[in-house]
Chemist: 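One structure follows; several queries about it will come next.
Everything quoted here is computed from the prediction, not taken from an experiment. Index from 1, following the sequence. Note that ligands are numbered from 1 as they come in the structure, with each ligand's atoms numbered from 1 the same way.
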Amino acid sequence: AIREILTVPDPRLKQVSKPVEGGVTDDIRALMDDMLETMYDAPGIGLAAIQIGVPLRVIVMDLAREGEEPAPRYFVNPEILETIEEKKPYEEGCLSVPDIFDQVERSARCRIRYLDYDGKQVDEWAEDLYAVCIQHEMDHLEGTLFIDYLSRLKRDRAIDKVKKAKIRAIRED
Ligand SMILES: O=C(O)C[C@@H](Cc1ccccc1)C(=O)SCC(=O)c1ccccc1
Ligand SMILES: [Zn+2]
């Protein structure tokens with residue numbers, strides 16, 4: 001089912017998400033199915049469970065472009081084990097900070113470990129957009145948004161713009 005995506009300044013987005021206990025159960029898989037459906041509908045390329053109000057360490061992602069075969073990825077209890085020194089800037093967006101885009105620098109490559117949809121442990125290196133997106137999503141699990149890396153002025157302006165857009169949307173209904 002498509003779930004509501006929380007947007008700033010919702011305080012729930014600042015929660016630190018808890019690890020999934022008891023492995024990848026059918027309930028966790030049902031949650032990830034809803035997350036993926038919600039992400040595709042937005043549309044987006046990633047989603048953390050806290051963005052639909054579930055404070056669990058679960059992430060979904062699909063980096064496939066328009067017209068390409070969907071390539072869904074599922075991450076349960078993901079950890080970043082290593083990052084390299086080299087940093088790269090990228091123009092990021094966030095479904096919880098709609099219509100705001102700004103440059104953020106992150107490690108160019110990182111080594112991640114997680115449980116996949118079937119509960120199997122995966123340990124792999126991420127680079128390019130995969131590295132950018134997984135670091136963005138992992139931040140969500142710590143209650144951190146990409147606008148937290150911007151200046152206070154830019155962050156406050158972004159939050160104000162999202163607030164105003166929400167009020168406009170309510171008036172138009
Ligand atoms: O809020 C999120 O986690 C989703 C976010 C992920 C992300 C995007 C860009 C850089 C880092 C992380 C988004 O998907 S924002 C929407 C977006 O970037 C996009 C939407 C449609 C097609 C392609 C990109
Ligand atoms: Zn985000």
Chemist: Can you name the one residue among Arg157, Lys163, Lys164 that meets side-chain hydrogen bond (donor to acceptor under 3.5 Å, both in side chains) with Asp160?
Modeler: Lys164
Chemist: Can you tell me how far CG of Leu36 sits from CE of Met39, rounded to the nearest 0.5 angstrom?
Modeler: 5.0 Å
Chemist: Indicate every side-chain donor-acceptor pair of residues 74-81 with a distance under 3.5 Å to a residue at least two apart or in another chain.
Modeler:
unit_1: Asn77; atom_1: OD1; unit_2: Val20; atom_2: N; d: 2.7
unit_1: Asn77; atom_1: ND2; unit_2: Val20; atom_2: O; d: 3.0

Chemist: Starting from atom 1 (O) of ligand 1, which protein heavy atom do you reach first, and at what distance in Å?
Modeler: Leu95 N, 2.8 Å
Chemist: Applying side-chain hydrogen bond (donor to acceptor under 3.5 Å, both in side chains) as the test, list every pair that has at least one member in residues 2-13; sequence neighbours left out.
Modeler: Arg3-Asp34, Thr7-Lys166, Asp10-Arg12
Chemist: Going from SG on Cys133 to CE on Met138, what distance comes out if it is rounded to the nearest 0.5 angstrom?
Modeler: 12.0 Å
Chemist: Any side-chain donor paired with an acceptor under 3.5 Å for Gln121 and Tyr114?
Modeler: no
Chemist: Give the atoms of ligand 1, by number and element, whose distance to some non-hydrogen atom of Gly93 is under 4.0 Å.
Modeler: 5 (C), 7 (C), 8 (C), 9 (C), 15 (S)
Chemist: Below 4.0 angstrom, N of the basic side chain to O of the carboxylate: do Asp128 and Lys88 qualify?
Modeler: yes
Chemist: For Phe101, is at least one N or O under 3.5 Å away from an N or O on ligand 1?
Modeler: no
Chemist: Touching ligand 1 at all, His140? Heavy atoms, strictly under 4.0 Å?
Modeler: yes
Chemist: Is the NZ or CZ atom of Arg29 positioned over Tyr117's six-membered ring, under 6.0 angstrom from the centre and within 45° of the axis?
Modeler: yes
Chemist: Report yes if some N/O of Glu92 lies less than 3.5 Å from some N/O of ligand 1; otherwise report no.
Modeler: no
Chemist: Going by heavy-atom distance to atom 4 (C) of ligand 1, choose the closest among Ala42, Cys133, Gly46, Pro43.
Modeler: Gly46
Chemist: Around the Zn ion (ligand 2), what protein N, O or S atoms are found below 2.8 Å?
Modeler: Cys94 SG, His136 NE2, His140 NE2
Chemist: Could you tell me the separation between the CD1 atom of Ile112 and the CD atom of Gln135, rounded to the nearest 0.5 Å?
Modeler: 9.5 Å
Chemist: So among Ile159, Val162, Val104, which one has a side chain to side chain contact (heavy atoms under 4.5 Å, CB included) with Ile147?
Modeler: Ile159
Chemist: Looking only at heavy atoms of Ala48, does any of them come nearer than 4.0 Å to an atom of ligand 1?
Modeler: no
Chemist: Decide yes or no on salt bridge (Lys or Arg N to Asp or Glu O under 4.0 Å) for Arg57 and Glu142, but give the supporting numbers first.
Modeler: CA-CA 9 Å; Arg57 302 183 82 81; Glu142 300 304 320; 2.5 Å; yes
Chemist: Could you list the cluster mates of Ile50? Members are the ILVMFWY residues connected by side-chain heavy atoms closer than 4.5 Å, either directly or through other members.
Modeler: none
Chemist: Could an N or O of ligand 1 be found under 3.5 Å from any N or O of His136, whether backbone or side chain?
Modeler: yes
Chemist: Of the protein's non-hydrogen atoms, which lies at the shortest distance from atom 19 (C) of ligand 1, and what is that distance?
Modeler: Ile45 CG2, 4.2 Å
Chemist: Short list, please: which atoms of ligand 1 are under 4.0 Å from a heavy atom of Glu137?
Modeler: 2 (C), 3 (O), 4 (C), 6 (C)
Chemist: Between Cys94 and ligand 1, does any nitrogen or oxygen pair lie at a separation below 3.5 Å?
Modeler: no
Chemist: Which atoms from ligand 1 have a heavy atom of Gly44 less than 4.0 Å away?
Modeler: 14 (O), 20 (C)
Chemist: Does an N or O anywhere in Glu91 fall below 3.5 Å from an N or O of ligand 1?
Modeler: no
Chemist: Evaluate the 4.0 Å heavy atom contact test for atom 17 (C) of ligand 1: does a protein atom fall under the cut-off?
Modeler: no
Chemist: Is the cationic atom of Arg73 (NZ for Lys, CZ for Arg) positioned less than 6.0 Å from the six-membered ring centroid of Tyr130 and within 45 degrees of its normal?
Modeler: yes
Chemist: Counting heavy atoms only, which part of Met39 comes closer than 4.0 Å to ligand 1: side chain, backbone, both or neither?
Modeler: neither
